[in-house]
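Every chain is numbered from 1 and lettered A, B, ... according to where its sequence line falls, protein lines coming before strand lines. Not measured: the values here are computed from a predicted model.
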Amino acid sequence: MTTYIREIAAHEGKVVTLKGWVANKRDSKGLAFIILRDGSGFIQCVVSEETLGADNFEPIKRLTMESAVSLTGTVVKDERQVGGFELQVSEAIVISIAEEYPIAKKEHGPDFLMDHRHLWLRSKRQWAIMRVRNRIIFAIHNFFQSKGFVQMDAPIFTANACEGTTDLFATDFYGEPAYLSQSGQLYGEAMAMAQGLIYTFGPTFRAEKSKTRRHLSEFWMIEPEMAFYDLDMDMDLIEAFIQYVVADILANCKVELETLERDTTMLEKVKEKFPRITHNHAAKILRGEVDVNGKNALKMLEQDTIDSQTRIEACKAEIAEREQKIAGGTLKKGEINFNQAAIDRLKNEIKDLEATLENIPVWYASAKNFADNNDFGGSDETILTRLFGTPIMVYNWPGEIKAFYMKADKDDPSIARGVDVLAPEGYGEIVGGGERETDADLLVKKINEHQLPMEAFGWYLDLRKFGNVPHSGFGLGLERIVSWICKLDHIRETIPFARSYGRITP
RNA sequence: UCCUCGAUAGCUCAGCUGGUUAGAGCGACUGACUGUUAAUCAGUAGGUCCCUGGUUCGAGCCCAGGUCGGGGAGCCA
């Protein structure tokens with residue numbers, strides 16, 4: 001029977017058989033250390049010539065990275081090891097020998113890694129990210145199912161844009177033009193009128209030629225829709241939802257977060273209440289007219305410039321120091337490698353900092369001149385959330401920049417009853433939602449204003465004719481929340497095979 | 001679409017003011033070593049300097065155009 005590494009602690013002192021791949025190998029005469037991975041975890045296996053005999057040990061010496069083996073041995077507690085245990089191998093069977101593995105135990109560039117995504121997924125870090133993604137999906141379903149929501153799927157082929165603002169992927173549907181769905185929102189409203197509380201969870205496609213660390217062309221979105229909910233109830237639900245998911249990950253993905261070296265102090269703060277601020281107030285904060293907890297947006301950026309410059313000087317000094325050490329010629333080979341790797345890292349850090357320095361004046365101008373009827377840019381979102389340190393909810397948006405279906409405020413019709421949730425630590429918008437317009441005449445007017453084809457919205461307007469009720473919903477980008485919770489540099493690491501501008505393989 | 005940076009060994013990079021035969025580390029391979037944590041030590045092999053054209057006695061380096069990639073803007077989850 002095969003045992004999985006994840007449950008190894010239950011087999012202490014017993015003989016088990018593990019089947020997996022060689023993640024790393026170190027050997028010396030008569031002794032080999034194999035880091036085995038089986039998908040459920042990683043464990044060091046010790047193979048000795050004395051135990052196996054020369055004939056059985058020889059094939060083990062020939063094992064290459066990612067070769068497949070079946071190892072039988074005794075589970076021994078060993079505090080030095082990552083999982084706390086190691087396997088003393090008594091029998092080894094080689095299943096297959098791998099060719100030279102392209103991904104080495106060192107730093108690679110993003111393009112190389114994405115070209116080898118099918119293999120990169122095996123690495124420890126990517127393994128941890130995919131486990132977190134899996135658990136987030138599980139937690140999302142748990143949250144909504146326990147509250148009586150029904151999962152209902154929206155179609156992926158659609159006849160028209162539901163918002164009309166972003167670019168769509170065009171395709172052919174039996175000779176008719178069709179588009180890949182950019183949102184299940186309108187269908188969600190129809191389904192909520194049938195089941196009361198629903199959520200959709202499916203892929204979404206956007207042909208925006210975005211080349212940033214926040215965008216994918218194909219991503220997964222969860223879109224709940226609730227009958228008889230107004231904006232305040234919507235915001236209460238969003239807050240409870242995000243708090244639930246984050247608490248679940250903190251409780252159930254300790255090993256994964258540790259592997260990712262995720263500092264969880266910011267995630268712990270998510271249990272605090274999310275500040276709710278109007279778009280108008282957020283604009284004042286951005287322009288530096290209003291301070292938050294004694295912090296000023298513009299002054300923070302000025303300080304960033306100074307901090308970045310100081311850090312660049314410090315990096316340069318450290319590089320010079322390490323280069324001098326290497327030139328000294330007294331270091332051992334390992335120490336030289338260590339110093340060289342540190343120099344590479346520092347050089348990359350300088351590159352990033354210099355890019356930041358170049359961008360800060362742009363971000364500063366964007367914040368300082370922020371217009372009341374504007375949408376936030378990526379940098380504006382970063383500035384706002386850094387001032388707070390928890391997720392924040394920005395509500396009551398200028399209607400002109402929001403979708404046609406968003407409800408107009410009854411006191412000021414130029415205001416849309418929408419809400420965006422901005423994640424801390426620079427991750428920006430993870431949720432967009434709001435209350436839906438129920439006034440059929442107003443909807444018709446807005447569809448015309450947005451120059452959308454009226455005939456495509458006949459069924460949608462029907463929802464206002466038959467049992468019209470106030471309702472709200474929101475959309476959450478799965479990859480964005482994975483990115484934030486794992487604190488990743490780039491969203492491309494959050495999905496097994498990313499599809500983004502310029503990337504369709506593997 | 002715009003701004004900006006880049007492309008040199010399988011990988012990560014260095015290559016000075018344009019000058020002889022192209023450099024390092026890692027990885028691979030061969031060997032040594034019985035407790036390694038990116039093991040260590042010795043050795044071996046490995047190059048279309050992204051493409052096209054130009055300047056020059058001479059181009060990895062300079063110029064023009066292109067291709068691909070990173071970061072950012074716009075747009076968005």
*If you draw a 6.0 Å radius around CD in A:E258, do more than 12 non-hydrogen atoms from other residues or ligands fall strictly inside?*
no
_B:rA39 OP1/OP2 closer than 4.0 Å to side-chain N/O of A:N24_ = yes
| message | Between B:rG54 and B:rG47, how many Å separate the two P atoms, rounded to a whole number? | response | 28 Å
Check: Which of parallel (below 30°), tilted (30 to 60°) and perpendicular (above 60°) describes A:H116 and A:F112?
Finding: tilted
Between CD1 of A:I34 and P of B:rA39 the distance, given in whole Å, is 13 Å
Would the number of heavy atoms belonging to other residues, nucleotides or ligands and lying under 6.0 Å from CD of A:E449 be above 12? yes
Between CZ of A:F57 and C1' of B:rC33 the distance, given in whole Å, is 12 Å
So, does A:R492 get its side chain near the phosphate of B:rG71, meaning an N or O under 4.0 Å from OP1 or OP2? yes
A:I43 CD1 to B:rU37 C1', in whole Å, measures 14 Å
Per atom distances to the A:T64 side chain, the nearest of B:rC76, B:rC29, B:rG71 is B:rC29
In Watson-Crick or G-U wobble terms, with both distances under 3.5 Å, the base opposite B:rG46 is none
Of B:rG27, B:rU12, B:rA38, the nucleotide closest to the side chain of A:E100 is B:rG27
Closest of B:rG35, B:rU37, B:rA73 to the A:L31 side chain is B:rG35
ask   = Base, sugar-phosphate alone, or nothing: which one does A:D115 contact when heavy atoms must sit under 4.0 Å apart?
value = nothing
Notebook entry, point to check: Counting any heavy atom closer than 4.0 Å, what does A:G428 reach on the DNA or RNA strands: base, sugar-phosphate only, or nothing?
Noted result: nothing
So A:Q44, base contact, sugar-phosphate only, or nothing? Heavy-atom distance under 4.0 Å.
base
- Using a cut-off of 4.0 Å on non-hydrogen atoms, how would the nucleic acid contact of A:F33 be classed: base, sugar-phosphate, or nothing? base
Using Watson-Crick geometry (N1-N3 plus N6-O4 or O6-N4) or G-U wobble (N1-O2, O6-N3), each under 3.5 Å, B:rG74 is paired with none
*What does A:E50 touch in the nucleic acid at a heavy-atom separation under 4.0 angstrom: a base, only the sugar-phosphate, or nothing?*
base
*Pick base, sugar-phosphate or nothing for A:S379, based on heavy-atom distances below 4.0 Å to the nucleic acid.*
sugar-phosphate
note: A:I136, atom CD1; B:rA77, atom C1'; distance rounded to Å ~ 14 Å
Taken to the nearest whole Å, CE/A:M393 to P/B:rA77 is 17 Å
In whole angstroms, the gap separating P of B:rC75 from CG of A:L168 amounts to 17 Å
- Task: Would you indicate, yes or no, if B:rG70 has its OP1 or OP2 atom less than 4.0 angstrom from a side-chain nitrogen or oxygen of A:R213?
- Result: no
ask   = Looking only at N and O atoms, is any donor in the side chain of A:R26 or the base of B:rC33 less than 3.5 Å from an acceptor on the other one?
value = no
Which of B:rG74, B:rU36, B:rG71 is nearest the side chain of A:T212? It is B:rG74
Does A:H490 reach a base, just sugar-phosphate, or nothing at all? Heavy atoms under 4.0 Å.
sugar-phosphate
* Asked: Base, sugar-phosphate, or nothing for A:L476, non-hydrogen atoms under 4.0 angstrom?
  -> nothing
* Considering only atom C1', compute the distance from B:rA64 to B:rG43 and round it to an integer number of Å. => 47 Å
Across the strands shown, which category fits A:E86 at heavy-atom distances under 4.0 angstrom: base, sugar-phosphate, nothing? base
Worked check of salt bridge (Lys or Arg N to Asp or Glu O under 4.0 Å) between A:D304 and A:R311: CA-CA 10 Å; A:D304 281 354; A:R311 180 66 195 148; over 6 Å; no
Against the side chain of A:Q88, the closest entry in B:rG35, B:rC29, B:rG72 is B:rG35
Whole-Å distance, A:E381 CD to B:rG74 C1', equals 13 Å
Taking B:rC75, B:rC29, B:rA39 as options, the one with an atom nearest any side-chain atom of A:S28 is B:rA39
Rounded to whole Å, the OH-P distance (A:Y501 to B:rG72) equals 16 Å
Contact class for A:I481 vs. all strands (heavy atom < 4.0 Å): base, sugar-phosphate, or nothing?
-> nothing
Taking a pair to mean Watson-Crick or G-U wobble geometry with both distances below 3.5 Å, B:rG6 pairs with B:rC68
Worksheet item: Under the 3.5 Å rule, do the base of B:rC11 and the side chain of A:H108 count as making a donor-acceptor pair?
Response: no
| task | For A:D27, report the nucleic acid contact type (base, sugar-phosphate, nothing); a contact means any heavy atom under 4.0 Å. | result | base
- Item | B:rG19 versus B:rC62 - spacing of their P atoms, nearest Å | 11 Å
Could you tell me how far B:rU48 sits from B:rG25 if I compare only their C1' atoms? Round to whole Å. 24 Å
Requested in this report: Remember a base hit wins even if backbone is also touched, and classify A:R503 as base, sugar-phosphate or nothing at under 4.0 Å, heavy atoms.
Outcome: nothing
Contact class for A:G30 vs. all strands (heavy atom < 4.0 Å): base, sugar-phosphate, or nothing?
nothing
- Strictly by modelled atom types, are A:E225 and A:Y187 linked by a side-chain donor-acceptor pair under 3.5 Å? no
*Which value, in whole Å, describes the distance between the P atoms of nucleotides B:rU40 and B:rG27?*
7 Å
### Task
May I ask you to say what A:V431 touches in the nucleic acid, namely base, sugar-phosphate or nothing, with a heavy-atom cut-off under 4.0 Å?
sugar-phosphate
